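Take a look at the structure set out below.
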Amino acid sequence: MRLHRNLVYTTIDALNAIFNEGEYADKVVARSLKKDKRWGSSDRKFVAETIYEIVRWKRLYAEIAEVKEPFDRDNLWRMFSVWAVLRGYPIPDWRQLEGTPERKIKGRFDELSKVRALKESIPDWMDELGVKELGEKVWATELTAQNQPAKVILRVNTLKTTREALRAILMDLNIETETLKNQPDALVLKERANVFLTDAFKQGFFEVQDANSQLVAAFLDVKPGMRVVDTCAGAGGKTLHIASLMENKGQLIAMDLYESKLKQLKIRAKRDGAFNIEYRIIDSTKIIKKLHEKADRVLIDAPCSGLGVLKRNPDAKWKLKPEFIDNIRKVQSEVLESYSKIVKPGGKLVYATCSILPSENQEQIARFLSTDIGQQFNFIKDQKILASESGFDGFYMALLERKENFEQKEKRVQKEVE
């Protein structure tokens, strides 16, 4: 087990882009892996995992290395040396790693690990917020879970194949998968692999989507032939799942503020063979008003803090700011009130976030139900999912049903019979 200079140099360059230039870790990692075509799978694995590890433990490693932001390249090398020592790598005699104090690093790690915010490597304000909303015990357990690397989960695209058929195809490529109980479309990779290079992906047989994210579309209770609106579609992971559950029958309207995201969704939908999707950019309130009381099902996959997916996006710990969370709660309230009007009487609404904070979840639903429009809905059920309990991402989802009078119910039942 030894360090290779070109792999480590790539890692240092990547950390500089993430920490000092504000780039997103997943984009930087994807770019870094294309740097040298001669690299084998173990080389690419080293680069990706090392970048994510140092991003994940940035605060702890910086404290141990006694460096402060903004990090110059010497600082980044010192943080890398902390990672290498703690991972048991022999320190090579490179100029950048001269004088690495191995014993001191191990001692500092033991000392600093007694403080939770340092041990779990998060900002103080985030630690305080987590304790306030979830309590010491739950928050501490959840933090530990969120610092575990995320597993790669596939969602089988049932418009094109079956889970058994996809497992067999991947097995032929030496990619082993496991099934999940009560999740018929999910496959868990036993070991990380670049599945995006496979023909199975290029042919639209699967998407990469966390296991708990896959629960949201099922929670919406869609049926073929319905009119369904995904109001915050983004690049469309859940939209595509809904399309498959609808068996391409009915109307699925994907809406978003950003045209660029819907363009990505169009590309993915074409690959997946999902052709019942319409695309609408929310560029005015008219777009929403035209759909008032028209949809059988509405998904509000609301913008949120993302505190349920830190294991997948560890750089979010450093990019998030307290004021963003304050602002996003207001946005959540606004989209709930605005987009809920799209649900027709007797129709259903799912409000979902990838946050674990009650203030973004249960409290938002309670507040909504007290508003004029919210009083037109019945609360059916909700589900709070913690990473520490499930092993996957943290999520929240609530199912609401819009009330209908006797005459409306009669019409709906008659239509369903027809």
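Just so you know, these numbers come straight off a predicted model, no measurement behind them.
Using a 4.5 Å heavy-atom cutoff, the side chains of Gln251 and Glu278 are in contact. For the pair Trp94 and Arg5, the minimum side-chain heavy-atom distance is below 4.5 Å. Contact check for Gln364 versus Ser333: side-chain heavy atoms found under the 4.5 Å cut-off. Two residues are said to be in side-chain contact when any heavy atoms from C-beta on lie closer than 4.5 Å; Thr162 and Val156 fail this criterion. A 4.5 Å side-chain heavy-atom check between Leu386 and Val138 finds at least one atom pair inside the cut-off. The shortest side-chain heavy-atom distance between Leu299 and Val228 does not fall under the 4.5 Å cut-off. Arg59 places a side-chain heavy atom less than 4.5 Å from the side chain of Asp124. Between Leu320 and Trp125 the shortest side-chain heavy-atom distance falls below 4.5 Å.
Taking each heavy atom of Ile51 and Ala14 in turn, the nearest pair found is CD1-CB, 3.4 Å. Summarising the geometry of Gln375 relative to Ser370, their closest heavy-atom pair is NE2-O, 3.1 Å, with the distance given to 0.1 Å. The shortest non-hydrogen separation linking Gly130 to Trp139 is CA-CD2, 3.4 Å. Here the closest non-hydrogen pair linking Thr141 and Ser388 is CG2-CB, 3.6 Å.
Side-chain rings of Tyr52 and Trp57 stay apart, their centers remaining 6.0 Å or farther from each other. In this structure, the ring of Trp39 has its center no less than 6.0 angstrom from the ring center of Phe46. Taking the centre of each ring, Phe80 and Tyr61 stay at or above the 6.0 Å mark.
The number of heavy-atom neighbours closer than 6.0 Å to OH of Tyr258, taken from other residues, nucleotides and ligands shown, is 12 or below.
A salt bridge between Glu293 and Arg402 is present, with a side-chain N of the basic residue lying under 4.0 Å from a carboxylate O of the acidic one. Under a 4.0 Å N-O distance rule, the pair Arg329/Glu363 does not qualify as a salt bridge. Ion pairing of Arg155 with Asp185 is absent here, as no side-chain N (NZ or NE/NH1/NH2) approaches a carboxylate O to less than 4.0 Å. Using a 4.0 Å cut-off between charged nitrogen and carboxylate oxygen, Glu323 and Lys321 do not count as a salt-bridge pair. Under the 4.0 Å criterion applied to side-chain N and carboxylate O atoms, Asp296 and Lys344 are assigned as salt-bridge partners. Ion pairing between a basic and an acidic side chain is recognised when a charged N comes within 4.0 Å of a carboxylate O; Asp230 and Lys238 show no such pairing. Electrostatic pairing of Asp393 and Arg312 counts as a salt bridge here, judged by a charged N lying under 4.0 Å from a carboxylate O. At a threshold of 4.0 Å, the pair Arg44-Glu49 does not count as salt-bridged, since none of the basic side-chain nitrogens sits closer than that to a carboxylate oxygen. Taking the charged nitrogens against the carboxylate oxygens, Lys34 and Asp36 have no contact shorter than 4.0 Å, which rules out a salt bridge.
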query: Ile365 and Phe379: side-chain contact (heavy atoms from CB on, under 4.5 Å), yes or no, with the steps?
result: CA-CA 9 Å; Ile365 293 299; Phe379 174 85; 4.1 Å; yes
task: Using the side-chain contact (heavy atoms from CB on, under 4.5 Å) rule, take Leu166 and Leu187 through it: C-alpha gap first, then chi angles, then the decisive distance, then the call.
output: CA-CA 9 Å; Leu166 180 59; Leu187 286 175; 3.9 Å; yes
message: Does Ser340 form a side-chain contact (heavy atoms from CB on, under 4.5 Å) with Phe377? I'd like the steps, not just the answer.
response: CA-CA 9 Å; Ser340 60; Phe377 284 81; 3.9 Å; yes
- request: Determine, step by step, whether Gln183 and Leu215 satisfy the side-chain contact (heavy atoms from CB on, under 4.5 Å) criterion, reporting the C-alpha distance in whole Å, the side-chain angles of both residues, the deciding distance to 0.1 Å, and the verdict.
  value: CA-CA 8 Å; Gln183 289 198 239; Leu215 296 174; 3.7 Å; yes
Between side-chain atoms of residues 194-204 and protein atoms elsewhere (two or more places apart, or another chain), which donor-acceptor pairs fall under 3.5 Å?
unit_1: Asn194; atom_1: OD1; unit_2: Phe196; atom_2: N; d: 3.4
unit_1: Thr198; atom_1: OG1; unit_2: Val195; atom_2: O; d: 2.7
unit_1: Thr198; atom_1: OG1; unit_2: Phe201; atom_2: N; d: 3.2

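Here His292 contributes atom NE2 and Ser338 contributes atom OG; the two are 6.0 Å apart, rounded to the nearest 0.5 Å. Taking CG of Asn157 as the start and CZ of Phe206 as the end, the distance is 10.5 Å to the nearest 0.5 Å. Distance check: Leu307 CG to Leu357 CG gives 5.0 Å after rounding to the nearest 0.5 Å. Distance check: Arg73 CZ to Leu15 CG gives 9.5 Å after rounding to the nearest 0.5 Å. Here the CD atom belonging to Glu401 is positioned 11.0 Å from the CG atom belonging to Leu349, to the nearest 0.5 angstrom. Residue Asp110 holds its CG atom at 12.0 Å from CD1 of Ile105, rounded to the nearest 0.5 Å.
Remark: side-chain polar atoms of Glu133 are paired, donor with acceptor, to backbone N or O of Ser359 under 3.5 angstrom. When atom types are taken as modelled, the side chain of Glu207 and the backbone of Leu154 share no donor-acceptor pair closer than 3.5 angstrom. No donor-acceptor pair closer than 3.5 Å links the side chain of Asn313 to the backbone N or O of Asp315.
With sequence neighbours excluded, no residue satisfies salt bridge (Lys or Arg N to Asp or Glu O under 4.0 Å) with Lys266.
Both tests hold for Lys319 against Tyr24: distance to the six-membered ring centre under 6.0 Å, angle to the ring axis within 45°. Relative to the six-membered ring of Phe19, Lys58 meets both conditions, a distance below 6.0 Å and an angle of at most 45° to the axis.
Residue Asn147 is tested with Arg56, Lys317, Lys311 for a side chain to side chain donor-acceptor pair (under 3.5 Å); the sole match is Lys317.
There is no side-chain donor-acceptor pair under 3.5 Å between Glu360 and Thr353.
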